[in-house]
Amino acid sequence: MQTKLIDMTETINEEDIKTVVQLLRRGELVAFPTETVYGLGADATNETAVNHIFKAKGRPSDNPLIVHVATKEQLLTLTEDVPDYVEKLIDAFSPGPITYVLKSAGHVANVVTAGLSTVGIRIPDHRVALAIISACKKPIAAPSANRSGKPSPTKAAHVVEDLYGKIACIVDGGGTDIGIESTVVDCTRNIPLILRPGAITAKQIANIVGACHTYEKKEPTEQPKSPGLKYVHYAPEVPLMLVKKEQIHKLVYKYKREKKRIALLYETDKFKDIAVEKTMFLGRDEATMAQHLYEILRSLKKDVVDIIVCELPSFSLDSALIDRLKRAATEVIM
Ligand code: TXA
Ligand code: MG
C-alpha cells in the first residue's frame with residue numbers, strides 16, 4: 001500500500017484535513033499526533049476499519065482501543081450511567097492526557113471495546129488531532145501507532161519505521177510534548193481507579209473528586225483489570241536492566257568482562273564518563289525524561305549494543321515514567 005505523508009508541523013491546511021477526513025470516512029487508517037504519543041486512527045463506528053488497526057499493529061484483539069473525541073458532549077453521547085464526578089474531571093483535565101473508562105452506550109464497533117461493556121475515551125490536547133476529529137465528526141479509535149510490543153511513537157519518523165506501507169496516511173505534527181501514554185482511569189466505580197499511570201496523577205484526580213485509587217496487580221495469576229496491561233510493552237531490541245544507582249558500576253564491569261557492548265542510560269552526572277559503547281542522559285526531570293524515553297529506547301539497536309543498563313531515576317516509584325521503565329525492563333536490580 002502507498003502511504004501518504006502529510007506535513008502539519010507548521011500549519012494545518014484545509015485541503016489536507018479534507019484528505020484525511022475522506023480517508024477516515026472511507027475506512028482507511030491514518031496515524032496522527034496527540035500530546036502524548038502518535039495514534040493510529042480509524043472510524044470507531046466502522047468494524048472493518050477497526051479490524052485493520054489490529055492487523056496493522058499485530059495487536060491481540062482482546063486488547064481494547066481508546067476512542068478519541070473532540071468535545072465533552074461527544075464523549076457523553078458515547079457513554080451511559082456516568083458518575084457525577086466524571087464531569088468535574090473532564091472540566092479539570094480534558095482536553096488532556098487522561099482516558100476515562102465508562103459504561104459504553106454501544107455506539108462504537110464491538111471490536112473497539114474487545115467485547116467489554118465499557119469504553120475508554122479521551123479528548124486529546126493537540127491542535128492536529130482536534131482538527132481531524134472535529135472535521136471528521138466521528139469518534140476515532142486510536143491505539144498508539146507502533147507495532148505491538150514496540151515503544152510508542154513520539155515522532156512521525158517512528159510511525160514510518162513501524163507502519164509505512166501498511167496504512168493509508170501518516171500526519172506529521174512534530175515531536176509529541178508528553179511522550180508517554182495517557183492516564184487510564186476506571187470511572188465506573190464510586191472512587192476512580194487508575195489502571196495505567198500517566199501525566200495526570202492520582203493526587204491531581206483526588207484533588208478534584210476527593211479520592212483516587214491506583215490498581216496494583218496482587219497475584220501473578222490475577223487477570224489485569226485493563227487487558228493491555230498483560231502484554232509486553234515498550235520493549236527495546238536488546239535486554240534492559242533497570243538498576244539502582246549503587247549497583248551500576250558492579251553491573252557494568254560484569255558485562256564488560258563478558259565482552260558485551262553496553263548502552264548506559266543515566267540520571268546521575270558522574271556516570272557519563274564510564275567507558276562503554278554508548279552513554280545517554282535520561283533528562284533533568286521527570287517530564288523531559290518522559291518526553292525522550294521512547295525515542296532513546298528505539299534508537300538502541302541490536303547491531304550496535306548487546307545490553308542496556310538504565311539507572312533507576314530518583315523520583316517516586318509510583319510515577320508514570322518508572323512504570324514504563326519497569327515494563328521495558330527485563331530485570332529490575334535494586
Ligand atoms: O495516550 C494515549 O492513551 C495513546 C494516544 C494515541 O491517545 N493511546 C494509547 O492507546 O496508548 P493503546 O491502545 O496503546 O492503549 C490503550 C490502553 C490499553 O492498556 C487498554 O487495555 C486500555 O487502554 N483500555 C482501553 N479501553 C479499555 C476499557 N474499556 N477498559 C479497560 N482498559 C481499557
Ligand atoms: Mg500502545
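Order of appearance sets the numbers: ligands from 1, and atoms from 1 within every ligand. Residue numbers run from 1 in the order of the sequence given.
- Each of the following atoms of ligand 1 lies closer than 4.0 Å to a heavy atom of H68: 5 (C), 6 (C), 7 (O).
- In this structure, T113 has no heavy atom closer than 4.0 Å to ligand 1.
- Put simply, the residue from K57, R59, K150 that forms a salt bridge (Lys or Arg N to Asp or Glu O under 4.0 Å) with D162 is K150.
- Remark: among candidates E35, E181, K57, R59, the nearest residue to atom 12 (P) of ligand 1 is R59, based on non-hydrogen atoms.
- Within 6.0 Å of the CD atom in E258, the count of heavy atoms belonging to other residues, nucleotides or ligands exceeds 12.
- Within ligand 1, the atoms closer than 4.0 Å to a non-hydrogen atom of T118 are 28 (C), 29 (N), 30 (N), numbered from 1 in the order shown.
- The distance between the ring centers of Y266 and F281 falls below 6.0 angstrom.
- K55 is linked by a side chain to side chain contact (heavy atoms under 4.5 Å, CB included) to nothing, counting only residues two or more places apart in sequence or in another chain.
- Shown in contact with G39 at under 4.0 Å from a heavy atom are these atoms of ligand 1, numbered in order with element: 6 (C).
- When heavy-atom distances to ligand 1 are checked against a 4.0 Å cut-off, T36 comes that close only through its side chain, counted from C-beta outward.
- Heavy atoms of L195 found under 4.0 angstrom from ligand 1 belong exclusively to the side chain.
- A search for side chain to side chain donor-acceptor pair (under 3.5 Å) contacts involving K155 returns E295, not counting sequence neighbours.
- Not one N, O or S atom of N146 sits under 2.8 Å from the Mg ion (ligand 2).
- Here the options are I200, V119, I121, V184, the test is side chain to side chain contact (heavy atoms under 4.5 Å, CB included), and the partner is T99; only V184 passes.
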